[in-house]
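Scope of the values below: all heavy atoms of this structure, side chains included, with no hydrogens, waters or symmetry mates. Chain identifiers are assigned alphabetically (A, B, ...) following the order of the sequence lines, protein sequences preceding nucleic acid strands; residue numbering begins at 1 within each chain.
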Amino acid sequence: MSKPGPKPGKSAHSHHAGIYKADAVKDVAESLGITNLPEAVASALASDVEYRVHQVVEEASRFMRHARRTTLTTGDIDLALRTLNIEPLYGHTPHASTTFRRALPFPNMPSAGTVFFVEDEEIDFDKVLREEKIIVPKGVNWTAHWLAVEGVQPLVPENPPAVPREDAAPPLAVNGKSPQLGPAKPQQTSTPQTQPTQLVKQVLSRELQLYYTRLTSSLLPPSTAPAETAKRTAALASLRADAGLQALLPYLVKWVGEGVVGALREETDGEQEGRTLEILLDVVSAILENSTLFIEPYLHQLLPSILSVLLHASLPSSHAKHLRTAAAQTLGRVLTQHSTTYPSLSPRIMKTLLVALLGNTPTGKSTTSTTVNGFAMDTSGTPNGDGTRAPPKPLGTREGAIRGLIGIGKEAVRKGIVEGGGARIVGEEITASGGEGITSVVEAVMMALDTLQPTSGMPETLDPSQEEDAKLITQLHDLLGDFFASRVISRGDRDWAAGLVAGVSD
Amino acid sequence: MSSNTPAASSAGVSPSTTNANIQEISQNASQVDRLVLEYLRARGHKNAEAGLLEAIESGSTEVAGNTLSSDDLIKGLAVFAQKPSRPGENVLKDSSSVLQELSTMGNPSSIQTLIASLGTAGAEEILSLDPTDKHEGFRELESWVEGSLDMYKPEFLPMLFPIFCHFYLDLVQKGFKEAALHFHATFSPSLAPAHNVTLHHLSTLMLPSHVQNDDLAQRFRNEKYVIRMSRSGFSLLIGWLTEGVGGETPGAGEGFSGEKGKRGRAAVMRVVNNHLRFDVTSASATSVSPNAWEESTGLLSSLIPTTAAQSNGSSVVPNPHTFNSSKGELKLGPAPISEELRAETERVLREQAMLERDPNAQYDVHFTRPQPLPGVVSPTEADLLPHPPSFKTIDVQREVEKVRDARKRIRLDPSVLTSADLNSTQGTSARSKALPSICAYTLHDVGEGTPCCTFSPDISLMAAGFSESHIRLWSLKGEKLRGLRSDASPDVADSSGISRLLEPDGSSTRKLVGHSGPVYSLSFDPLGGSAAPPKYLLSASADATTRLWSLDTMTNVVAYRGHQNPVWDVQWSPMSTYFATASRDRTARLWSTDRTTALRIYVGHLSDVDCVRFHPNSLYLATGSSDWTARLWDVQRGTCVRVFIGHQGTLSALAISPDGRYLASAGEDLAINLWDLGSGRRIKKMTGHAASIYSLAFSAESSLLVSGGADWTVRCWDVRSAGSQAKPHENGVNESQMFRPAEEGNETYDSFLALKQDFSLRNSTDLLATFPTKRTPVINVHFTPRNLCLAAGYHLPFEPR
């Protein structure tokens, strides 16, 4: 060249010479035993390979187009190779790729070359016969629907929702789940719920937003005016029975949770808070009662509210007993409704309650919000600034735990109060506290004991002089502690006391 | 010649002027060489002499100063290898004349293309050959086009593409792979997106041998690329091309006309001279519509069949319009029906009117006479394809039903929409008058895919062909599909006997097995029309066969072999004895059901014939092809009578209007073109689809066109309105984007669709309505004679990534 122009190799500053690299060709050559393949040859071969691949792909894309598809399949490539008079690549199916194994060399017939075979899975007949019947997928079928009626697209589930305008969202497209088209569409039902990565932004319709504001404003703040009470009753009734509130559920749960925390934070021992909590518990039970709601995913958010009310140390005195009872009942309902589908639910609640009942480790910091077994709760309420002489769990919490156990059932009570020594601990604390505000705790314990064993119709007093009775009394003292043993004895019901003891020794 | 010239023993004045050069060279050569040369000349071995001479010369010049590149050597050798008709002429001094001569001799294309790439500028140019020329030249051309007046830009822009292609091919051909890639990467993004397919295809060519073997590259090389330009625009171009070259001496001047610029322009000039042909029109630049270039630009000469007139004068610029008009008038009117059949049909109609006491029915009678449209010539009986002279009961039934359909038809008149305000209540009633009701049939669990799905003319059956090689038939009425028993005795006395012949049990679906490749097209026989269920089904498959299935026995009756490659499409003629197929082997064929060989082969397309449709009077056959054209063939003569150029991609669907006047074609450029069959001119281009269009159908009055495609929509188009490119929506969101499925997985929406969204997707104003479906590519749209629209598609299961 007479002119010192830039050499072609240099001018292409980006050294991209196609998709298929010369190195790949060299690798192949080495695998065939050609070690010193010149760079120029390799790059030329790479270019040629790329061209051939493009040729095949262009041919295959025709088959794809005529098959009315927009994705290229291995079948298309196969057909393209066949059409171009090239031997197809065997063993590539679009469904499941078969794996080939190389057979052992065949000594009798070396001309056969390398033989590959598909490995068959060995199937055990007994196993197959024992297994349930395999459901054969239904074949191709069709459904018909009106795409347009006189130029207007009907809003049927088979048609996509109308083009969303800025203000109105499509009503209730829950989690992007589209209404099912036909019975034989297993694919479509695989909604994004099974794919946690997919986040679908859900828009609350204007109607639901309005409903939500109306609902919450009519429930709170609590007022005793008759008009307000009627409104509240109507709101709760609507919550209890209306369908289509699923989209509101997370908001309601959050609202309840915030309301409970807010009410419990208040230092004052006021009527207001008590009533607020009462209403919130009503809301929770209404939600639980509504059969159209799918509440399970929100249980873990709802439970802390219930448990907080139940185990809070200092509830407003006027409402404390009622609140704890209601909370315990709600808890019981949750367990009966959902313990089958949520198997870890009852053990977790049980454990929480037992910790609240038996935990006598003086908590240095009177926690405002502790996480017990995954349930974040607000169990304190007596902020204890100094923290030096922190009492064990306050009696309120004990009482709540006991009521909770009652709500759960007889077994829970036996385990907590009798076997776990709940009664003894509570008894000791009662004696230590000096008798202030103990009535409700005592009542709760006695109620718990009542659930264990029905009182007999004809009570017969215990006679400590008799040997049998003396033994019973000792056992009672062992089980329940002095305080409650004396209470039981003073009840004067021999059969009942014996039943309590017998229940444990079973 | 110099064969009898006495051998000159020493250097000096040769008596033969033709030998002057040889003498000069011989001076430099050794004594032995000279002697050999003399000997060869004396014996008349001109080839050997020339070869030796060349060898000596090149050897000496290389020694002298390495001024000749190896390219030049190859060129020189090529010249000599071809036995020049005037030997002894000084080849190297006047290379242009040799090149001219060579190009007239019909050399192997390799050498010819090589020479063509060398151009006419001679050896000097070759010496300074440099890949950066092309880069520079194209950059200059681009900036010149960009800088030109707005009124000329639409004329100049189409020119960039062919020059780009030739430059790229030149670079590849000369082995400058890196430079070619760099060139492609630099300039291809700025070219019109319509060329993306071609550009991508070119980018796959990387070695000289690829250029030699590739069809498209060879077409670029061997054909002239036609560009339409106005007179003033053309003179501007000439001015620019010659400006630097003509006026100044090489090397002088700077900037735009500097050495580099000059060489770049010379490169452009070479391509313009060798590979472009300008169709200079006297029309002013502004009067050309923006889409007109599609029809008159491109490698037209091979697309348009040569006619007698054209072959005489090769200088005529190929133009589809001149071809179309040279083919004379077409007989596009409705097919006549025989007098007896009509009389019988009228009699039956009258009888039925009496029976039903329907006062309207008596007016039906006049429908039996086909109504000729003004300005359209109707064919006579003699023009039709041969058919049996007598008619059968089913013919009468069909004709009667046709008349009844015409009376009971839902009238669709899209023109009412243009006057009405769509948002008012008036608008909704206008919609109901203008737009059809569409019933969508969605297939579920189709597995590998459903290439085709079709409805019988009486809507009693639906058939779908599958990639797994089988065909499935459904009764849409829910009746049982029962074939004849294979073991039944043929003697039948009464109707109960017939039912005994049928298989005892059946279901409303049947599977037809016979093909060994994906089934790409299905067609029900139209004999019964809307009156009776069809008796036969045709299927076309990738196994290169077309099969005829009897719907009485539910078995395969005939396999028609003849095509070399997959058969893409099959359609019955409206007369039902004949059918046509389209194949990858670049032919369409006409068959008769009673013969296993093709009756006619329609050859002329340059690539796959992708779709085929009969004209309603069965005189003509329309084909759409991967060479981006549609053609209309005379069925009987087998000649091409119209060619429709304008699509910028493979054609994917065709439809001919029931009144026989229009052809609608859909291409991979996502446009639907409407053509006037009579003149062969494009009426309008309709855009709006966001992905491939799979099917087109006209309403019975030919006033409405419905299309379905891979963008999961069915769209309705107004045939009669003028139609133009709409302005983009005010908020900048075009409708197709809004229709991207909002609720189900945007991410599964193929990325190529997103790519295609970027350009030319503005809805044209004649798009009346868009009906989205749920993840259902619409593979067939069909109008019943009563104007109910049916759409078939398969549901794409949601695929988590």
Side-chain angles (χ1 to χ4, degrees), chain A residues 1-3 5-6 8-9 11-12 14 16-18 44 47-48 50-51 54-55 58 62-63 65-71 73 75 79 83 94 137-153 158-161 163-164 170 173 176 178 181-182 184-185 187-188 190 195, chain B residues 67 69 127-128 130-132 176-179 181-182 204-207 210 431-432 434-435 437-446 448-451 467 472 474 518 520 542 565-566 568 584 608 691-692 694 710 714 738-739 741-744 750 769 771-774 777 779 791 797-798 800:
Chain A
M1 301 241 170
S2 61
K3 199 174 173 297
S11 70
S14 61
H16 101 105
S47 299
D48 199 50
E50 191 175 334
Y51 173 67
H54 273 293
Q55 225 177 355
E58 268 182 28
R62 292 182 185 183
F63 285 94
R65 248 191 5 249
H66 282 281
R68 306 302 193 215
R69 268 185 278 109
T70 45
T71 39
T73 63
L79 284 167
T83 307
K138 270 177 99 179
V140 185
N141 62 345
W142 56 270
T143 55
H145 72 274
W146 288 106
L147 187 65
V149 176
E150 295 186 335
V152 179
Q153 193 160 23
E158 287 88 347
N159 285 327
V163 184
S178 57
L181 248 181
K185 295 182 68 185
Q187 298 273 26
Q188 207 191 22
S190 67
Q195 308 153 19
Chain B
T67 48
S69 70
L127 289 179
S128 56
D130 179 342
T132 54
F176 297 124
K177 193 173 91 183
E178 305 284 332
L181 284 170
H182 181 55
T204 64
L205 308 175
M206 285 197 282
L207 294 178
H210 299 160
R431 279 180 84 86
S432 69
L435 294 170
S437 298
I438 304 170
C439 188
Y441 288 82
T442 314
L443 298 173
H444 303 294
D445 305 327
V446 293
E448 290 266 294
T450 314
S467 290
R472 194 168 269 283
W474 284 279
Y520 289 125
N565 284 135
W568 295 136
R584 190 196 167 273
D608 308 19
S692 304
Y694 290 150
V714 174
M738 279 158 58
F739 271 116
E743 52 146 6
E744 297 174 75
D750 298 294
F771 302 112
T773 64
K774 270 187 176 166
I779 52 176
F798 187 85

Heavy-atom side-chain contact between Thr83(A) and Arg584(B) under 4.5 Å: yes
Under the salt bridge (charged side-chain N to carboxylate O under 4.0 Å, His left out) test, which residues partner Arg69(A), sequence neighbours left out?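 In terms of salt bridge (charged side-chain N to carboxylate O under 4.0 Å, His left out), with neighbours along the sequence ignored, Arg69(A) is linked to Asp76(A).
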Partners meeting side-chain hydrogen bond (donor to acceptor under 3.5 Å, both in side chains) with Glu150(A) (sequence neighbours left out):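 Per chain and number, Glu150(A) pairs via side-chain hydrogen bond (donor to acceptor under 3.5 Å, both in side chains) with no residue.
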Quick one: CD1 on Ile779(B) to CZ on Arg68(A), what's the gap to the nearest 0.5 Å?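 Ile779(B) atom CD1 to Arg68(A) atom CZ measures 7.5 Å (nearest 0.5 Å).
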Top residue by heavy-atom pair count (under 4.5 Å) with chain A, among [options]?
options	answer
Pro566(B), Ser467(B), Pro777(B)	Pro566(B)
Trp474(B), Trp568(B), Tyr441(B), Tyr520(B)	Trp568(B)
Leu207(B), Leu435(B), Ile438(B), Leu205(B)	Ile438(B)

Tell me, for Thr773(B) versus chain A, whether the close heavy atoms (under 4.5 Å) come from the side chain, the backbone, both or neither.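 When you check distances to chain A, atoms from both the backbone and side chain of Thr773(B) fall under 4.5 Å.
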Atom group of Leu443(B) that falls short of 4.5 Å from chain A, counting heavy atoms: both
Between Asp608(B) and Arg62(A), does a side-chain contact (heavy atoms from CB on, under 4.5 Å) hold up when you go through it step by step? CA-CA 9 Å; Asp608(B) 308 19; Arg62(A) 292 182 185 183; 2.4 Å; yes
Please report the C-alpha distance between Phe771(B) and Gln153(A) in whole Å, then the side-chain angles of each, then the deciding distance to 0.1 Å, and finally whether the side-chain contact (heavy atoms from CB on, under 4.5 Å) criterion is met. CA-CA 7 Å; Phe771(B) 302 112; Gln153(A) 193 160 23; 4.1 Å; yes
Determine the option with the most heavy-atom pairs under 4.5 angstrom with chain B, choosing from Ala144(A), Ala44(A), Ala67(A). Ala67(A)
Chain B contacts, top residue of Trp142(A), Trp146(A), Phe63(A) (heavy-atom pairs, under 4.5 Å):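 Greatest number of close heavy-atom pairs with chain B: Trp142(A).
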